[in-house]
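Since the structure comes first, as C-alpha cells, the remarks are kept for the end.
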Protein chains: 2
Amino acid sequence: MKTETIEPGSYSISELAQEFGITTRAIRFYEDKGLLSPARRGQARVYSPEDRVRLMLILRGKRLGFSLDESREIIDMYDPAHGNVEQLQRLLQYIEQKRAQLQQQLRDIHSLMEELDRAEARARAALSSDQRKNPS
Amino acid sequence: MKTETIEPGSYSISELAQEFGITTRAIRFYEDKGLLSPARRGQARVYSPEDRVRLMLILRGKRLGFSLDESREIIDMYDPAHGNVEQLQRLLQYIEQKRAQLQQQLRDIHSLMEELDRAEARARAALSSDQRKNPS
DNA sequence: GGTTACGTTGACGTAAACGTAAAGCAAAAA
DNA sequence: TTTTTGCTTTACGTTTACGTCAACGTAACC
C-alpha cells in the first residue's frame, strides 16, 4: 500500500521531493538556509500547505536564476514583518530594484527568443537543402 | 593620458572588463571554459567586436540564470558548424526546449511582478497609516 | 634606466548549492 | 518479532564561477 499522509493538508519530505522532482537533501538544505521551517511530528518533518507554497517560490526563484538568499528576501517580503517606516522605505526600494531586474530579464528573453527564431529558420533551411541533396 | 586602443575595433581585456563591470579574471575564465578565443598581440589578448558580442551574450545568459555551459551551447548555435541532418534535428529539439524554458521564465516573471505590485501596495498602505499615526 | 602600468600564467582559496555515503531511530509490515 | 521503509543527523565530497595573491614579462613614462 502507498504511504498516505496522516493529516490531510500536510506533506512528508519525500512527498514534496517527488512532487517537485528534487531531492530531500535539497529541501533540508533550504531549511538549513532559513527558507523553510516545517513542523515536527516526533523527529520527522511535517510540511504544511504554506511550507509547500514557500518551496514553490524557492523553485520559481531558481528558474529565474535567483540565489537562495534572493529567494529568501522575496519570500520574506510577503509576511508583514516590516513595522517601521525605514524598513518599509527599503522594502519599496528593493521592490523597485527587483522590478527593474525582471524587466531586464524580459528584454533578454525577447532578444534570445528572436535569435532562437532565426536559428530555427537557418536550421530548417539547411535541412531542406540537405533533403534536396539526399532525398529519401 | 588614457590608454587608447591601438587598432580601432579591438579591445584590451581591461577595456572590456570596465565596460561590462566585470573582472579580467572572469573574462579569462570564460576563455578557459571555451566561450571566448581572442587573438593575441604578442602575449596580450586582443578582443574583436565579435568577441565583444560573445561576451555580451555570456552576460545576458548570466542574467537569465544560465550556466556557462548553457551559454556556450546557445552561442555555438549561431555559427553554422552543424553540417549533418542529425545535428540539425538535435539543434531544432534544443531550440524548442530552450523556447519552453523561456516561456516558463516569462510566466514566472509575470507572477512575480504581480506579487511585487501587491507587496508595494501593502507597503504603501502601511506607510500611509504610519503617517497618520505619526504625522510630521 | 628605474619605476609605473598593464598584461601574462599558475595556483590556491572560496561561496553557493547541493550530492553522497554513513550510522542510527522509529513506525509499520511481514 | 524481525525486517523493511522512511526519516533523521553528521560529515565529507563535488561542481560552478570566479577571487586573490604571487611571480614574472613588457612597454611606456620620467
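Labels below follow one simple rule: chain letters A, B, ... track the order of the sequence lines, proteins then strands, and each chain is numbered from 1.
- Checked against dG7(C), dC18(C), dG6(D), the side chain of Ser14(A) finds its nearest nucleotide in dG6(D).
- Here the nucleotide nearest the side chain of Ser12(B), chosen from dT9(C), dG7(C), dC18(C), is dG7(C).
- Remark on DNA chain C: of its neighbouring residues Tyr30(A) and Arg45(B), the 5'-side contact belongs to Arg45(B), judged by nearest-heavy-atom nucleotide.
- Salt-bridge formation is not detected for the pair Asp69(A)/Lys33(A): no Lys NZ or Arg NE/NH1/NH2 atom is positioned less than 4.0 Å from an Asp or Glu carboxylate oxygen.
- Taken from OG in Ser67(A) to CZ in Arg72(A), the straight-line distance is 8.5 Å, to the nearest 0.5 Å.
- In this structure, the CG atom of Asp32(A) is 13 Å from the C1' atom of dT8(D), given to the nearest Å.
- In this structure, CD of Glu31(B) is placed 12 Å from P of dG10(C), rounded to the nearest angstrom.
- Annotation: the span from Ile75(B) atom CD1 to Glu115(A) atom CD amounts to 9.5 Å, rounded to 0.5 Å.
- For Arg40(A), whose side chain is taken as the heavy atoms from C-beta onward, the closest listed nucleotide among dT16(D), dT9(D), dC7(D) is dT9(D).
- In terms of phosphate contacts, Lys62(B) brings no side-chain nitrogen or oxygen within less than 4.0 Å of OP1 or OP2 of dA17(D).
- Comparing dC18(C), dT9(C), dT9(D) against the side chain of Phe29(A) picks out dC18(C) as the nearest.
- Atom CZ in Arg72(A) sits about 10 Å away from atom P in dA16(C), given to the nearest Å.
- In summary, Glu73(B) and Lys98(B) do not engage in a salt bridge, as defined by a charged side-chain N under 4.0 Å from a carboxylate O.
- Distance Tyr11(B) OH to dG7(C) P: 16 Å, rounded to the nearest Å.
- Listed pair Thr23(A) / dG19(C) meets the phosphate criterion, a side-chain N or O lying under 4.0 Å from OP1 or OP2.
- Among dC18(D), dT9(C), dC6(C), the nucleotide with an atom closest to any side-chain atom of Arg28(B) is dT9(C).
- Here dA17(C) is the nucleotide among dC7(D), dC18(D), dA17(C) with the atom lying nearest to any side-chain atom of Ser67(A).
- Note: CD1 (Ile22(A)) to C1' (dC18(C)) measures 11 Å, nearest angstrom.
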Practice item. Walk me through it: do Arg40(A) and Glu31(A) pass the test salt bridge (Lys or Arg N to Asp or Glu O under 4.0 Å)? Key: CA-CA 13 Å; Arg40(A) 297 282 180 143; Glu31(A) 182 176 347; 3.6 Å; yes

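- Residue Thr24(A) is out of contact with every strand shown, counting any heavy-atom pair closer than 4.0 Å.
- Between the C1' atom of dT14(D) and the CG atom of Asp69(B) lies a distance of 15 Å, rounded to the nearest Å.
- Between the side chain of Arg25(B) and the base of dT20(D), at least one donor-acceptor pair of N or O atoms lies under 3.5 Å.
- The side chain of Ala26(B) sits closest to dG19(D) out of dT8(D), dG19(D), dA17(C).
- Across the protein-nucleic acid pair, Ile58(B) atom CD1 and dC18(D) atom C1' stand 13 Å apart, rounded to whole Å.
- Listed nucleotides dA17(D), dA17(C), dT8(D) differ in distance to Gln43(A); the shortest reach to its side chain belongs to dT8(D).
- Here the P atom of nucleotide dT16(D) and the CD atom of Glu70(B) are 12 Å apart, to the nearest Å.
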